[in-house]
Number of protein chains: 2
Amino acid sequence: MALEHAILVSLLEKPGSGYELARRFERSIGYFWNATHQQIYRVLKRMESDGWIDVREVPQQARPDKKEYSVAAAGRAALHGWLNEPIEPESVRHDLAVKIRGAAFDDPAALIGEVDRHRQAHTDRLAHYLAGERRDFTGPEASDPPDAGRELQHVVLRGGIAYERMMLAWLDDVLATLHRLAADR
Amino acid sequence: MALEHAILVSLLEKPGSGYELARRFERSIGYFWNATHQQIYRVLKRMESDGWIDVREVPQQARPDKKEYSVAAAGRAALHGWLNEPIEPESVRHDLAVKIRGAAFDDPAALIGEVDRHRQAHTDRLAHYLAGERRDFTGPEASDPPDAGRELQHVVLRGGIAYERMMLAWLDDVLATLHRLAADR
DNA sequence: TGCATCATGTAATCAGTTACATGATTTT
DNA sequence: AAAATCATGTAACTGATTACATGATGCA
């Protein structure tokens with residue numbers, strides 16, 4: 001399990017409340033890791049009682065108070081342990097691939113709309129990533145010594161960009177195949 | 001949930017036992033959907049009691065008897081329903097991406113070995129896919145009318161190939177970044 | 001007045017993983 | 001003699017999803 005670790009990394013990058021973490025998981029981090037607020041609150045509670053994170057009550061005006069979490073020494077140690085422990089190259093779950101193979105036993109043409117929707121979603125994500133890259137990773141080049149955090153965030157973002165581009169190309173391939181099957185029969 | 005549906009598709013492509021399904025999930029299908037035998041046996045039982053699949057006891061010589069499952073009318077209907085119901089473009093979980101960002105708060109160089117291991121795993125998978133493509137999708141071209149099942153299986157396989165190629169290129173990018181950070185500091 | 005945002009949670013259920021369990025045959 | 005393959009399952013636990021619940025402020 002690694003939701004704990006994803007939270008640790010996010011809190012090391014910037015301390016924040018459960019609510020803020022949930023929003024980060026919806027946006028940036030959420031593209032390679034997702035979690036709902038219910039899940040996050042539960043895990044934060046466990047992490048706190050395990051001494052991985054510290055809490056600080058932050059009173060706010062015109063807003064409910066929030067609990068700001070930050071990483072404690074034990075949390076850093078836990079992250080260190082996890083980083084030095086091998087993980088399995090993840091086996092993905094591509095629902096869409098199952099649907100495509102399933103379409104052989106149904107109407108392939110009926111899938112076109114669905115694939116189009118996915119294509120649109122990936123187009124949007126790609127645009128979102130590229131905007132983020134332009135915002136955060138252009139301008140003042142490599143400081144010396146280089147900022148490791150910045151470099152590493154950038155390489156992860158480049159991964160997201162490569163993934164979306166690959167998906168778009170593949171979805172075009174899928175659409176061409178579906179159209180071909182719909183045409184000649 | 002879609003394990004049921006993945007099983008339906010697999011059984012439509014070819015009826016088989018729980019054990020055989022588990023093996024298919026390890027090999028071909030397992031690259032875009034994974035499931036253990038325990039999970040599969042449980043789901044098969046539920047699907048059977050829901051009337052989605054039929055069972056046939058197959059006695060074998062020199063081997064334990066097996067239960068061969070095949071898709072019933074209700075199962076086909078369930079698949080049809082699922083195919084015509086939109087699914088969310090999946091949010092993936094990239095543990096490795098979390099580790100890479102986490103390395104900013106630890107030693108980036110320590111991650112090199114791990115990333116190398118992943119690179120090797122993806123190289124192996126790519127080779128496996130390409131071998132499968134050569135075996136199953138070369139030779140006698142487009143029959144007329146084309147075999148929809150074959151075409152759709154091929155386009156899914158092309159997706160797997162594109163994914164592995166993208167990952168290899170990205171992991172090279174990651175390795176270059178890690179080496180750079182390890183060198184100048 | 002109604003909806004969105006900020007902020008936190010509980011409870012129930014469902015899905016997935018790990019461990020345990022059995023037993024024959026075939027291959028090294 | 002030991003390990004791998006074929007074949008099926010149960011039990012316990014952990015993780016994830018969905019539904020329910022509350023309550024203030026600010027905007028249209």
Side-chain angles (χ1 to χ4, degrees), chain A residues 1-8 11 15-27 29-30 32-50 53 55-69 82 85 87-88 90-95 98, chain B residues 1-8 11 15-27 29-30 32-50 53 55-69 82 85 87-88 90-95 98:
Chain A
M1 145 76 165
L3 175 55
E4 277 101 328
H5 306 110
I7 289 176
L8 285 176
L11 288 179
S17 68
Y19 185 85
E20 282 162 350
L21 282 169
R23 307 217 69 209
R24 291 186 210 170
F25 275 88
E26 261 172 38
R27 302 186 199 287
I29 319 170
F32 57 88
W33 196 280
N34 77 324
T36 58
H37 75 275
Q38 293 92 334
Q39 224 186 127
I40 290 168
Y41 283 120
R42 218 170 348 108
V43 173
L44 281 173
K45 203 155 267 184
R46 185 172 65 228
M47 291 170 77
E48 196 202 331
S49 77
D50 289 348
I53 52 178
V55 208
R56 194 171 61 95
E57 285 272 344
V58 179
Q60 295 184 118
Q61 68 284 56
R63 274 185 202 182
D65 295 354
K66 65 173 182 178
K67 297 182 186 170
E68 194 180 74
Y69 292 95
W82 179 67
E85 162 188 306
I87 48 170
E88 283 306 300
E90 55 263 347
S91 26
V92 205
R93 296 204 158 175
H94 282 295
D95 302 62
V98 177
Chain B
M1 144 75 165
L3 175 56
E4 278 101 328
H5 305 109
I7 289 176
L8 285 175
L11 289 178
S17 68
Y19 185 84
E20 284 163 350
L21 283 169
R23 307 217 69 210
R24 291 186 211 169
F25 275 87
E26 262 172 36
R27 302 186 198 288
I29 318 171
F32 56 88
W33 195 280
N34 78 325
T36 59
H37 75 274
Q38 293 91 333
Q39 221 187 129
I40 290 169
Y41 283 120
R42 218 169 350 108
V43 173
L44 281 173
K45 203 154 266 183
R46 185 171 66 228
M47 290 169 78
E48 195 202 331
S49 78
D50 289 348
I53 52 178
V55 208
R56 195 170 60 96
E57 284 273 346
V58 179
Q60 294 183 119
Q61 66 286 55
R63 272 184 204 186
D65 295 354
K66 65 174 180 175
K67 296 183 185 170
E68 195 180 74
Y69 293 94
W82 178 67
E85 162 188 305
I87 48 172
E88 284 306 300
E90 56 262 348
S91 25
V92 204
R93 293 200 162 180
H94 283 293
D95 301 64
V98 177

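Letters A, B, ... mirror the listed sequences (proteins, then strands); counts begin at 1.
Among residues two or more places apart in sequence or in another chain, the side-chain hydrogen bond (donor to acceptor under 3.5 Å, both in side chains) test is passed with Lys66(B) by Glu20(B). The side-chain hydrogen bond (donor to acceptor under 3.5 Å, both in side chains) test applied to His37(A) returns no partner, not counting sequence neighbours. Looking at residues two or more places apart in sequence or on another chain, you find a side chain to side chain contact (heavy atoms under 4.5 Å, CB included) between Glu85(A) and Trp82(A). Partners of Gln38(B) under the side chain to side chain contact (heavy atoms under 4.5 Å, CB included) rule, at least two apart in sequence or in another chain, are Thr36(B). Every salt bridge (charged side-chain N to carboxylate O under 4.0 Å, His left out) that Arg56(A) has, sequence neighbours left out, goes to Glu68(A). When the side-chain hydrogen bond (donor to acceptor under 3.5 Å, both in side chains) test is applied to Asp50(B), no partner is found at least two apart in sequence or on another chain.
For DNA chain D, the stems formed by at least three consecutive Watson-Crick or G-U pairs, with both atom-pair distances below 3.5 Å, span C:1-28 with D:1-28.
For the pair Glu68(A) CD and dC6(C) C1', the computed distance is 15 Å after rounding to whole Å. Put simply, NZ on Lys66(B) is 16 Å from C1' on dA24(C), counting in whole angstrom units. Distance Ile40(A) CD1 to dC6(C) C1': 15 Å, rounded to the nearest Å. A straight line from CD of Glu57(A) to C1' of dC6(C) spans 15 Å, rounded to a whole angstrom. A straight line from CG of Leu3(A) to P of dG16(C) spans 17 Å, rounded to a whole angstrom. Taking atom CG of residue Leu21(B) and atom C1' of nucleotide dA7(D), one finds them 13 Å apart after rounding to whole Å. Atoms CD (Glu26(B)) and P (dT17(C)) sit 13 Å apart, rounded to a whole Å. Atom-to-atom, CG of Asn34(A) to P of dG15(D) comes out at 16 Å; the value is rounded to the nearest Å.
The side chain of Tyr41(B) sits closest to dA7(D) out of dA7(D), dT8(C), dA7(C).
When the side-chain nitrogen and oxygen atoms of Lys67(B) are compared with OP1 and OP2 of dG9(D), one or more of them lie within a distance under 4.0 Å.
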Using a cut-off of under 3.5 Å, enumerate the N/O to N/O pairs linking the protein to nucleotides 3-6 of chain D.
{"from": "dC6(D)", "atom 1": "OP2", "to": "Tyr19(B)", "atom 2": "OH", "distance (Å)": "3.1"}
{"from": "dC6(D)", "atom 1": "OP2", "to": "Arg23(B)", "atom 2": "NH1", "distance (Å)": "3.1"}

Which atom pairs link the protein and nucleotides 18-20 of chain C when you take only N or O atoms and keep those under 3.5 Å?
{"from": "dA19(C)", "atom 1": "N6", "to": "Gln38(B)", "atom 2": "NE2", "distance (Å)": "3.0"}

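Across every non-hydrogen atom of Asp95(B) and Ala2(A), the tightest pair is OD2-CB, 3.8 Å. For the pair Gly18(B) and Tyr41(B), the tightest heavy-atom approach, listed with the atom from each and the gap, is CA-CE2, 3.9 Å. Here the closest heavy-atom approach between residue Leu3(A) and residue Ala35(A) is recorded as CD1-CB, 3.8 Å.
If you take CD1 on Ile53(A) and NZ on Lys67(A), they are separated by 10.5 Å, rounding to the nearest 0.5 Å. To the nearest 0.5 angstrom, Leu11(B) atom CG is 9.5 Å from Ser17(B) atom OG.
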